[in-house]
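Input: a single structure, listed below in structure tokens.
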Amino acid sequence: MSLDFNALPSPCFVVDEALLTRNLEILDSVQQRTGCNILLALKGFSMHSTFPLVGKYLKGITSSSLNEARLGYEKMGKEVHAYAPAYVDSEFDELLQYCDHIVFNSFSQWNKYKDRVKSVQGKTIECGIRINPEYSEGRTPIYDPCYNHSRLGVTLANFKPEELEGIDGIHFHTLCQQNSDALERTVQVIEEKFGEHLHKMKWINFGGGHHITREDYDIETLVRVINRIKDTYNVQVYLEPGEAVALNTGFLVASVLDIIDNDMNIGILDTSAACHMPDVLEMPYRPEIIGAGMPNEKAYTYRFGGLTCLAGDVIGDYSFDEPLKPGDRLVFTDMAIYSMVKTNTFNGVNLPSIASYNEQEGIKIIRQFGYEDFSSRLS
């Protein structure tokens, strides 16, 4: 990689467009082999300066809010799908202006809004119902949509076949960073519970969580599952990954502000787990840093924390061949997904700049943030 991380402001998110294109080509190969439609889930990656590139390969976007739907409509201009656990009544009519598909979380939501959907002039919006198969293989409870008493989707006990008139598709989302074997087992459960209703549908949406662009992902199984469902039920198949689109395409460049000692070396950075990479605390996980090892693997070990007052604003422990000093640059990997979309300004900490890179144009600084971005969201 010829990207010079030292030429970027700090902190800064940067996406390598060549890496993004590689992922998009993999996803498009699945579309070509199966006839499925793959959408970008904006909840995972909403860097809209890349949407013209993404739109060359994918069919559109899927959204979880009015703002995401509008963003996809205005910045990509392809299919716009929407799903939310419940829709805000005052926003619903505007949402319909942008949507091609809208998925309801319950039959009560469907019955509340179906007449408004069907009365839209000038286009036909296809409607779906989200199911909860009460089966998932997720390892992290906060991301498991099928845990006990989940609010996401309709269980078999609450499914109402008599209210399906006007419903065009079935939607499910049970995966999180998983391989296609988990999908295959999930689909088997869905067929056992809801298979009789799939024959009446125009489409089925497999949701997200498919780590299709991960190196060890079994694409052959994915292709087989899609083609079998498509042929068995005569339905169009949709997938809506967020992570797989931008997996391993982005970096977060940060700088060391200070080194302190409290029974170990502690590096304070100009970035923050709490503000800039909340999944480090929510998941939780330890992001990789280029050139760093596990604690005590190399000669010098440091614990990295952010510049907020939150005691738990800790990113993780890392080791290096040489001692660090204030001003040194660190590069966190796989920072395109669930990073920019989750940033916040707790403590008034500034948001990282956003940049892209390609070999033809070099580094492009897309956006830098300042006081107005902090103050304008408050009152």
Taking side chain as C-beta onward, heavy atoms only, is [X] less than 4.5 Å from [Y]?
X: D89; Y: R116; result: yes
X: T345; Y: N350; result: no
X: Q178; Y: L183; result: no
X: F13; Y: M47; result: no
X: F332; Y: I315; result: yes
X: I219; Y: V30; result: yes
X: T301; Y: N265; result: no
X: L39; Y: I61; result: no

Say whether [X] and [Y], considering side chains only, have a donor N or O and an acceptor N or O under 3.5 Å apart.
X: Y57; Y: N23; value: no
X: E163; Y: W110; value: no
X: N347; Y: T308; value: no

Quick one: does any side-chain atom of [X] pair with a main-chain N or O of [Y] as donor and acceptor, under 3.5 Å?
X: R329; Y: L8; value: yes
X: T50; Y: L53; value: no
X: D168; Y: K202; value: no
X: R214; Y: Q177; value: yes
X: N111; Y: S108; value: no

[X] [atom1] to [Y] [atom2] distance, which is reported to the nearest 0.5 Å:
X: L58; Y: E79; atom1: CG; atom2: CD; answer: 11.0 Å
X: L66; Y: S90; atom1: CG; atom2: OG; answer: 9.0 Å
X: Q236; Y: I226; atom1: CD; atom2: CD1; answer: 10.0 Å
X: H276; Y: L307; atom1: NE2; atom2: CG; answer: 7.0 Å
X: L269; Y: L330; atom1: CG; atom2: CG; answer: 5.5 Å
X: H171; Y: L152; atom1: NE2; atom2: CG; answer: 10.5 Å

Verify the neighbour count for atom [atom1] of [X]: are there more than 12 heavy atoms of other residues, nucleotides or ligands below 6.0 Å?
X: E91; atom1: CD; answer: yes
X: D263; atom1: CG; answer: no
X: K123; atom1: NZ; answer: yes
X: R286; atom1: CZ; answer: yes
X: N234; atom1: CG; answer: no
X: E162; atom1: CD; answer: yes

Minimum heavy-atom distance between [X] and [Y], given as atom pair plus value:
X: P352; Y: T343; answer: CD-CG2, 4.4 Å
X: A246; Y: D334; answer: O-OD1, 4.3 Å
X: C176; Y: Y143; answer: SG-CB, 3.9 Å
X: V189; Y: P133; answer: CG1-O, 4.0 Å
X: G293; Y: K298; answer: N-CE, 3.7 Å
X: G291; Y: F320; answer: O-CD2, 4.3 Å

Can [Y] be reached from [X] by stepping across I, L, V, M, F, W or Y side chains whose heavy atoms are under 4.5 Å apart?
X: L95; Y: V80; value: yes
X: L198; Y: L164; value: yes
X: L27; Y: V225; value: yes
X: Y98; Y: F92; value: yes
X: Y338; Y: L351; value: no

ask   = Between D373 and R367, is the closest basic N to carboxylate O distance under 4.0 Å?
value =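 So R367 pairs with D373 through a salt bridge.
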
- E220/R33 salt bridge by N-O under 4.0 Å criterion: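 Between E220 and R33 there is a salt bridge, with a charged N closer than 4.0 Å to a carboxylate O.
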
Check your understanding: Considering residues at least two apart in sequence or located in another chain, which fulfil the ring-ring contact (aromatic ring centres under 6.0 Å, His included) criterion with F206?
Key ->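 For F206, the residues satisfying ring-ring contact (aromatic ring centres under 6.0 Å, His included) (neighbours in sequence not counted) are F172.
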
### Query
Parallel, tilted or perpendicular: which fits the ring planes of H48 and F51, with parallel below 30° and perpendicular above 60°?
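Perpendicular, since the angle between the ring planes exceeds 60°.
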
Whether Y233 and H199 hold their rings parallel, tilted or perpendicular, with breakpoints at 30° and 60°: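 Judged by the thresholds at 30° and 60°, the geometry between Y233 and H199 is tilted.
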
Compute the centroid of each ring, for H173 and then for Y83, and state whether the two points are separated by less than 6.0 Å.
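Not close enough - the centres of the two rings lie 6.0 Å or further apart.
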
Answer with yes or no after comparing the ring centroid distance for F104 and Y87 against a 6.0 Å cut-off, counting only values under it.
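Yes, the ring of F104 comes within the 6.0 Å limit of the ring of Y87, centre to centre.
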
* **Y302, Y300, F304 screened by ring pair (Phe, Tyr, Trp, His ring centres under 6.0 Å) with Y318, the one that passes** =>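 Of all the options given, the one that passes is F304.
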
